[in-house]
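Sequence lines set the chain letters: A, B, ... in the order given, protein chains first and strands last, and positions in each chain run from 1.
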Amino acid sequence: MHWADYTAQKLAGRGSPQVVVSGITPSGEFHIGHLREILTAEMIHRACLDSGIQSRYVFIVDSMDPLRRVYDFLSPSYESYIGVPLANIPAPDENGEPDEEGGSYADFFLGPFLDALKQIGVEPEVVMNHLTYENGDFAEMIDSAITNREKIHEIIENVSGRDLPEDWFPYNPLGSNGSLDGVKVTGYEKPFVHWVDTTGTTGKSDIRLAEGKMPWRIDWAARWAIHGVTCEPAGKDHGAAGGSYDTGIPICELLGGKPPEKMVYEWIQLKGMGPMSSSKGVTIGPMEALSLVPPEILRYVIARSKINRHIEFDTGTALFEMADEYERFQVPNEEDGDLSKRQRIARDTQLGAMRLSQVERGSDPADWIAGVSFRHLSMLAQIKSDDQGVWSSLQRSGHLSGEPGFSLRGRLERMRNWVDGEHFPEEARITIQSEVDRDIASEIGNDSRAFLEMLARGLRTCDWDEGSIGETIRTSAADSGIENRKAYIALYMVILGRGYGPRVSSLMSEMDRESLIGIISSI
RNA sequence: GGGCCUGUAGCUUAGUCAGGUAGAGCACCGGGCUUUUAACCCGGUGGCCGGGGGUUCGAAUCCCCCCGGGCCCUCCA
């Protein structure tokens with residue numbers, strides 16, 4: 001059974017409806033690691049719906065979280081916003097300067113991410129956490145946390161094993177400059193928390209408004225109670241023993257809520273570059289990923305892996321394999337009575353992964369298979385500059401009957417982006433030589449030259465289609481007495497500058513006759 | 001220091017919760033498709049399941065120890 005279905009089944013015992021939640025801080029560009037957070041939760045949500053369990057999927061944006069530091073993409077003028085909630089900070093302009101007209105920092109980064117989510121079929125209920133503070137929904141929780149201050153203090157110290165300062169307080173008010181940093185609590189009279197900030201200014205925060213926030217570990221536990229969260233997969237950073245999941249559970253219970261089961265997913269790494277990190281430049285954004293990888297396959301990347309396995313996101317050679325694995329999928333057609341228990345499990349898991357990979361819930365995975373392998377398509381995309389040429393080639397080769405569907409068109413569009421970009425693997429790149437390199441020419445032996453001469457002659461008169469060209473190659477090889485293998489290698493060397501490549505006759509049939517003959521004769 | 005996750009064929013992995021002869025894909029090799037090269041079909045090679053000990057009639061699976069990799073205990077998907 002697929003992990004999402006398994007989780008849905010376990011959740012069914014918790015009552016209804018399910019509230020499946022993701023939470024992310026919009027502190028900068030989103031990356032595909034965040035996509036795992038989102039998709040893990042969204043797939044569980046879908047699995048619930050698919051098995052008839054009522055469910056909501058909520059994306060809580062941590063817009064009340066403060067700016068922690070001035071990131072590389074921000075100008076130094078953001079220094080003054082450190083500690084200020086992201087919802088209250090102006091978005092950066094193209095130079096990284098605060099742009100007073102550009103809306104909030106949180107919205108600025110959230111917008112494109114939500115657009116990307118839409119493309120992969122994810123349309124969550126979005127909750128801006130600062131609004132939950134602003135409309136007073138946190139007030140009871142804050143009051144309760146302050147009242148139970150000692151107990152919470154004890155939970156955090158016992159569970160996480162770290163020492164909290166004596167004057168620790170479960171609520172951080174905003175100071176006179178709008179920052180949470182360095183503000184000391186001096187007293188509490190419901191609903192006001194009194195404080196003094198770093199400038200010596202005193203004031204009071206109304207807990208029914210967004211005039212302060214609870215520290216992360218309590219904030220998280222409180223929102224479980226407020227929103228009735230039944231499931232929230234968290235990154236492994238939260239999941240470690242003594243981490244915020246472990247403290248959140250008892251704190252949530254203390255606050256009168258019923259916490260979700262602990263659920264932890266592994267991180268996505270970029271091939272050979274370790275974990276995603278914006279500050280180290282190790283990052284691929286969801287939009288960039290979507291420009292290369294079709295949305296159903298991007299979903300499949302997440303769906304095919306168990307949640308506690310790390311995912312290596314590879315936009316190089318491995319993408320061929322990933323995509324072709326998706327393409328190979330076939331709806332099981334018979335009863336499979338002779339499958340072993342294991343094979344049945346594997347098949348059902350695979351079916352689940354394919355089902356959950358669909359952009360539109362409920363659509364048939366079989367409708368979203370392009371019918372052409374990524375490898376083959378990558379060759380066509382490289383040798384055919386116009387799309388129509390690709391379609392006709394596919395029709396001739398029998399990959400396509402009739403007109404290309406939406407799915408296949410999307411595949412080609414992204415394939416072209418991939419081919420044109422930096423991620424496309426060199427060994428898959430086809431570069432037709434405009435002239436033959438001297439070193440290469442010197443490596444070609446006399447027997448091969450004889451073959452190439454004969455071929456050039458044959459190509460002048462043969463029909464210009466794959467079959468005839470192939471035939472001409474074979475006869476030329478036979479007539480010149482060279483082994484087929486050697487003939488092909490020589491041909492590849494001349495055309496591509498290396499001894500191997502895609503089916504050479506189809507490659508040649510896409511080239512202009514005169515220029516091809518020119519190259520071959522130039523030896 | 002304390003703890004969590006993880007280590008199965010060259011690569012990616014299923015199977016570990018409920019112990020019963022190690023499954024798959026890629027790659028590779030062989031064959032086929034009225035002749036091959038990154039299309040397609042069929043078949044095959046390949047695994048002391050990280051190491052050691054224990055429980056058991058029987059262990060990849062349960063228990064203990066060790067080794068390697070990742071992560072957390074300060075905010076981090």
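- Taking atom CD on A/E321 and atom P on B/A24, their separation rounds to 16 Å, with Å as the unit.
- Distance, A/W216 CH2 to B/C75 C1': 10 Å, rounded to whole Å.
- Ionic pairing of A/K236 and A/E266 is present here: one or more N-O contacts between side-chain nitrogen and carboxylate oxygen are shorter than 4.0 angstrom.
- Under a 4.0 Å N-O distance rule, the pair A/E42/A/R299 qualifies as a salt bridge.
- Only the P atoms considered, B/A9 is 15 Å distant from B/G46, to the nearest whole Å.
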What pairs of nitrogen or oxygen atoms, one from the protein and one from nucleotides 4-6 of chain B, lie under 3.5 Å apart?
unit_1 : atom_1 : unit_2 : atom_2 : d
B/U6   : OP1    : A/N308 : ND2    : 2.8

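- Side chains of A/S27 and A/Y105: a donor-acceptor N/O pair is absent below 3.5 angstrom, by distance only.
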Report the C-alpha distance between A/E29 and A/H31 in whole Å, list the side-chain angles of each, state the deciding distance to 0.1 Å, and finish with yes or no for side-chain hydrogen bond (donor to acceptor under 3.5 Å, both in side chains).
CA-CA 6 Å; A/E29 295 282 350; A/H31 53 64; over 6 Å; no

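- The separation of B/C75 from B/C28, taken at their C1' atoms, amounts to 48 Å, rounded to a whole angstrom.
- Nucleotides B/G23 and B/A14 are separated by 7 Å at their C1' atoms, to the nearest Å.
- Regarding A/E29, its CD atom lies at a distance of 17 Å from the C1' atom of B/C76, rounded to whole Å.
- If you take CZ of A/R304 and P of B/U13, they are 7 Å apart, rounded to a whole angstrom.
- Taking atom CG on A/L400 and atom C1' on B/C40, their separation rounds to 16 Å, with Å as the unit.
- Note on A/E325: nothing from the nucleic acid sits closer than 4.0 angstrom, heavy atoms only.
- Separating the OG atom in A/S357 from the CH2 atom in A/W368 is a distance of 12.5 Å, to the nearest 0.5 Å.
- Using bins of under 30°, 30° to 60° and over 60° for the plane-to-plane angle, the ring pair A/F30/A/F59 lands in the perpendicular bin.
- With rounding to whole Å, A/H310 atom NE2 is found 11 Å from B/U12 atom C1'.
- Residue A/G33 is in base contact, counting any heavy-atom pair closer than 4.0 Å across all strands shown.
- The nearest whole Å value for the distance from the NE2 atom in A/H2 to the C1' atom in B/U13 is 14 Å.
- Of the C1' atoms belonging to B/C5 and B/C48, the separation is 26 Å, rounded to the nearest Å.
- Comparing A/T25 and A/R429 by the nucleotide of RNA chain B that holds the closest heavy atom to each, the one mapping nearer the 5' end is A/R429.
- If you check every strand for non-hydrogen atoms under 4.0 Å, A/Y326 touches nothing.
- Nucleotides B/G43 and B/G50, compared at atom P, are 30 Å apart to the nearest Å.
- In this pair, A/F73 and A/Y71 present their aromatic rings parallel. The plane angle is below 30°, not in the 30 to 60° band.
- Other residues, nucleotides and ligands place no more than 12 heavy atoms under 6.0 Å from the NZ atom of A/K184.
- Of the candidates B/A38, B/C75, B/U35, the closest approach to any side-chain atom of A/R217 belongs to B/C75.
- Using C1' as the reference atom, B/C57 and B/G1 are 44 Å apart when rounded to the nearest Å.
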For residues 109-124 of chain A, which side-chain N or O atoms pair as donor and acceptor with protein atoms under 3.5 Å away, sequence neighbours left out?
unit_1 : atom_1 : unit_2 : atom_2 : d
A/Q119 : OE1    : A/R414 : NH2    : 3.4

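- With B/C17, B/C26, B/G70 as the candidates, the nucleotide lying closest to the side chain of A/Y6 is B/C17.
- Under a 4.0 Å N-O distance rule, the pair A/D420/A/R416 does not qualify as a salt bridge.
- Per the geometry, CG belonging to A/D324 stands 14 Å off C1' belonging to B/A27, to the nearest Å.
- For the residue pair A/S244/A/W216, the side-chain donor-acceptor check at 3.5 Å is satisfied.
- Nucleotides B/G58 and B/C76 are separated by 49 Å at their P atoms, to the nearest Å.
- Between B/U56 and B/C26, the distance separating the two C1' atoms is 38 Å to the nearest Å.
- Across B/U12, B/C75, B/G15, the shortest atom-to-atom separation from the side chain of A/K306 is found for B/G15.
- When heavy atoms are screened at a 4.0 angstrom cut-off, A/A428 is found touching base atoms of the nucleic acid.
- Between A/R375 and A/I32, the residue whose closest nucleotide on RNA chain B is further toward the 5' end is A/R375.
- Within the 4.0 angstrom heavy-atom criterion, no nucleotide atom of any strand lies near A/R36.
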Let me have RNA chain B in dot-bracket notation, would you? Count Watson-Crick plus G-U wobble pairs, both distances under 3.5 Å, and use [ ] for pairs crossing earlier ones and | for inter-strand partners.
(((((((..((((......[..)))).(((((.......))))).....(((((..]....))))))))))))....

